[in-house]
Protein chains: 2
Amino acid sequence: MDPEIVRDPVYQQLNQRLRLLVGREYTFGQQFLTEREIVQRFSVSRATANKALASLVSEGLLEFRKGIGTFVRQPAISYDLRSLVSFTEKARAAGKTPSTLLLTFGKLKAREVEPRIAERLQVTESDLLWELDRVRAVDGIPVILEHRFVVASHCPKLTRSQAEGSLYQAWTQTHQLSIAGADETVRAVLLTPEEAEHLNASVGSPALEVIAVGLLETEIPLWWERTLYRADLYEFHSRLGPVQSAKPLRGQFVTPFQPPSGK
Amino acid sequence: MDPEIVRDPVYQQLNQRLRLLVGREYTFGQQFLTEREIVQRFSVSRATANKALASLVSEGLLEFRKGIGTFVRQPAISYDLRSLVSFTEKARAAGKTPSTLLLTFGKLKAREVEPRIAERLQVTESDLLWELDRVRAVDGIPVILEHRFVVASHCPKLTRSQAEGSLYQAWTQTHQLSIAGADETVRAVLLTPEEAEHLNASVGSPALEVIAVGLLETEIPLWWERTLYRADLYEFHSRLGPVQSAKPLRGQFVTPFQPPSGK
DNA sequence: TGACATCGCGTGGCTTAGCCACTTTAGCAT
DNA sequence: ATGCTAAAGTGGCTAAGCCACGCGATGTCA
């Protein structure tokens, strides 16, 4: 019996392959492959080709134009993972000097963390996790307090010095990992005395709490984090565009995407 | 199908009708209409039914399960930073009943508002603006306090009853406006006594503050708003990267995260 | 020559008809 | 009771074909 690796639906595989083409062979404004071309090139039915395209349209990558074709859309909503994930790059881009204070750095078994976290990381009790507590500062002023668990099997060689720098860099370069997405939940909270002390803020002052799970390419979780942002020093900025469907948007040139920036 | 003005593709109309059903007739966890049921009920082909469903799956509202059916996914009311959906629709999709308390409704000249607001709206001093203050509630519980200015020239016929309902609907349907995007800035703040009273919350409790500018198709500003979300009842959710389908996503309650002891 | 009407063609939108793989369920055989 | 089998239902996928739409080449007429 072949264990037969779980076979994903064709349109999802097609999805991934097409997504790679966007940005590689096709860039903003260009006409993308037509449904009939996809049929020939990938040996699928037109319905499947359309379903995959529709999915990319729904993601905001492409855009349908009735009677003309499918076009690559302005990446306004583009997965700006780099800037959202990498505090270091974000700070540097803003002309500031980032620094990191590593409070905790160790390895533990998944059974030692809250079940809810282990569940979201899709790990079994015996799996190993890195645990990191860090204070991130900009120009010496503490801005972010983060608590993070990383699935150790994906980056077994994580070093202390890497943990004191940019994790994003360690993942993408040293470990050759490709971060595909992240699930974020943002809330407003009040700082506890301990948290306030780390952030050099007053007790009971507001903060943004972000709980996020970072994902690799096949929806495999890489890390879980709870991050607190000092409300007076940090704000989130996002530019929304229509995602749903085939809004014309024929006039091409739109003002470029403004990446979120710390303040 | 019906003759009528069939300007939009069928699957998009179907999309909207199905989205209304989510939350009305179907809530979290339940099995949704099957493709074959949709075929009978709406007189469309199965391919079209599937396309509409796939779209809702891509939005995160539904979830495909191979060999079983389609299920409702969205457990709680959450503000999806990726999609521009109205509060009304969002609440209904979460299975709640939305209501609105109109505090202020009037028209004023742009010179009467703060210069930085007028600037972001790109209006001259003599232009007219609608001013609205509203408390939005879900199942009778106030969750949102919003302060909004709308450029009156784009929707001169705005009525009081429209202001008490869904502005999004009034814009897109009555005034035939096409909302193309929004610029948002998210912060954490503490509620002032006055704000806390409107939201039926305690003074000094945290809230999410969203300052946004809504844009029409050619980057023309339509409205400016400052909105406060009660932190204990509302969370922002943002999914970066592609949304795949086959995730069970069990559990996922809205219970607030409790920081681990120690530290 | 230039402005305008026409028509062909390729595109996505949509339908019909049908088979497949998967999952649950109910009933049958042991 | 237990375990197996078959049926029924689901989404996944293919095939073939018609339609409305937008564009551009072509042709017409002033």
Side-chain angles (χ1 to χ4, degrees), chain A residues 1-18 26 29-58 61-73 244-252, chain B residues 1-18 26 29-58 61-73 243-248 250:
Chain A
M1 279 290 293
D2 260 338
E4 184 71 42
I5 302 176
V6 181
R7 216 185 63 200
D8 281 335
V10 174
Y11 73 90
Q12 284 192 27
Q13 301 178 39
L14 186 57
N15 240 355
Q16 299 225 1
R17 301 185 63 174
L18 292 182
Y26 299 88
Q30 287 181 18
Q31 176 163 11
F32 196 63
L33 291 167
T34 67
E35 298 185 354
R36 288 164 177 90
E37 284 171 344
I38 294 177
V39 168
Q40 290 188 14
R41 186 159 163 181
F42 297 96
S43 300
V44 295
S45 74
R46 231 190 104 200
T48 304
N50 177 278
K51 191 169 182 179
L53 283 176
S55 190
L56 294 184
V57 167
S58 184
L61 279 171
L62 300 178
E63 166 188 330
F64 281 141
R65 294 184 197 170
K66 213 187 306 181
I68 315 178
T70 310
F71 291 78
V72 179
R73 210 163 158 275
Q244 285 219 57
S245 46
K247 298 286 165 44
L249 192 67
R250 311 255 321 250
Q252 50 283 30
Chain B
M1 292 195 87
D2 298 346
E4 260 332 282
I5 307 173
V6 195
R7 277 290 164 214
D8 284 331
V10 175
Y11 73 90
Q12 285 189 31
Q13 302 176 39
L14 186 56
N15 236 351
Q16 300 233 357
R17 301 185 63 175
L18 292 182
Y26 301 88
Q30 286 182 18
Q31 177 163 9
F32 196 61
L33 291 168
T34 67
E35 298 184 353
R36 289 166 176 88
E37 284 171 343
I38 294 177
V39 167
Q40 291 188 12
R41 185 157 162 182
F42 297 97
S43 302
V44 295
S45 75
R46 228 189 107 203
T48 304
N50 176 280
K51 192 169 181 178
L53 283 177
S55 191
L56 295 184
V57 167
S58 188
L61 265 142
L62 300 179
E63 165 188 331
F64 280 140
R65 294 185 197 168
K66 209 188 307 181
I68 314 179
T70 310
F71 292 79
V72 179
R73 193 166 170 279
V243 177
Q244 298 290 2
S245 52
K247 268 185 313 177
R250 47 184 136 229

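For clarity, every value in this text was computed on a predicted model and none was experimentally measured. In what follows, every chain begins at residue 1, and chains take the letters A, B, ... in the order their sequences are listed. These numbers come from the heavy atoms of this one structure, side chains and all, not from hydrogens, waters or symmetry mates.
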On a heavy-atom basis, which atom in [X] and which in [Y] lie closest, and how many Å separate them?
{"X": "B:Ile38", "Y": "B:Ala49", "value": "CG2-CB, 3.7 Å"}
{"X": "B:Ala52", "Y": "B:Tyr11", "value": "CB-O, 3.9 Å"}
{"X": "B:Val39", "Y": "B:Ser45", "value": "CG2-C, 3.8 Å"}
{"X": "B:Phe32", "Y": "B:Glu37", "value": "O-OE1, 4.4 Å"}

Heavy-atom distance under 4.5 Å between the side chains of A:Leu18 and A:Leu62, does that happen here?
no
Does some side-chain heavy atom of A:Leu33 sit less than 4.5 Å from a side-chain heavy atom of A:Thr70?
no
Which residues within residues 35-51 of chain A lie with some heavy atom under 4.0 Å of an atom in DNA chain C?
A:Glu35, A:Arg36, A:Arg46, A:Asn50
Rounding to a whole Å, what distance do you find between [X]:[atom1] and [N]:[atom2]?
{"X": "A:Asn15", "N": "D:dG12", "atom1": "CG", "atom2": "P", "result": "12 Å"}
{"X": "A:Gln31", "N": "D:dG22", "atom1": "CD", "atom2": "P", "result": "15 Å"}
{"X": "B:Leu62", "N": "D:dG11", "atom1": "CG", "atom2": "C1'", "result": "13 Å"}
{"X": "A:Leu33", "N": "C:dG10", "atom1": "CG", "atom2": "C1'", "result": "15 Å"}
{"X": "B:Arg65", "N": "C:dT24", "atom1": "CZ", "atom2": "C1'", "result": "14 Å"}
{"X": "A:Lys66", "N": "C:dG10", "atom1": "NZ", "atom2": "C1'", "result": "16 Å"}
{"X": "B:Phe32", "N": "D:dT10", "atom1": "CZ", "atom2": "C1'", "result": "15 Å"}
{"X": "A:Ile68", "N": "D:dA20", "atom1": "CD1", "atom2": "P", "result": "18 Å"}

I'd like to know if the side chain of B:Glu35 and the backbone of B:Leu53 have a donor-acceptor N/O pair within less than 3.5 Å.
no
Taking 4.0 Å as the cut-off, does a side-chain nitrogen or oxygen of B:Thr70 come that near to OP1 or OP2 on D:dT10?
no
Report yes if at least one side-chain N or O of A:Tyr11 is closer than 4.0 Å to OP1 or OP2 of D:dG12; otherwise report no.
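For D:dG12, OP1 or OP2 has a side-chain N or O of A:Tyr11 closer than 4.0 Å.
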Could you state the interatomic distance from CD (B:Gln16) to CG (B:Leu14), rounded to the nearest 0.5 Å?
10.5 Å
Separation between NZ of A:Lys51 and NZ of B:Lys51, rounded to the nearest 0.5 Å:
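Between A:Lys51 NZ and B:Lys51 NZ, I get 11.0 Å after rounding to 0.5 Å.
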Do any N or O atoms of the protein come closer than 3.5 Å to N or O atoms of nucleotides 4-6 of chain C, and which pairs are they?
none

Using a cut-off of under 3.5 Å, enumerate the N/O to N/O pairs linking the protein to nucleotides 3-8 of chain D.
none

After noting the C-alpha distance and the side-chain angles of B:Thr48 and B:Phe42, does the key distance pass the side chain to side chain contact (heavy atoms under 4.5 Å, CB included) rule?
CA-CA 10 Å; B:Thr48 304; B:Phe42 297 97; over 6 Å; no
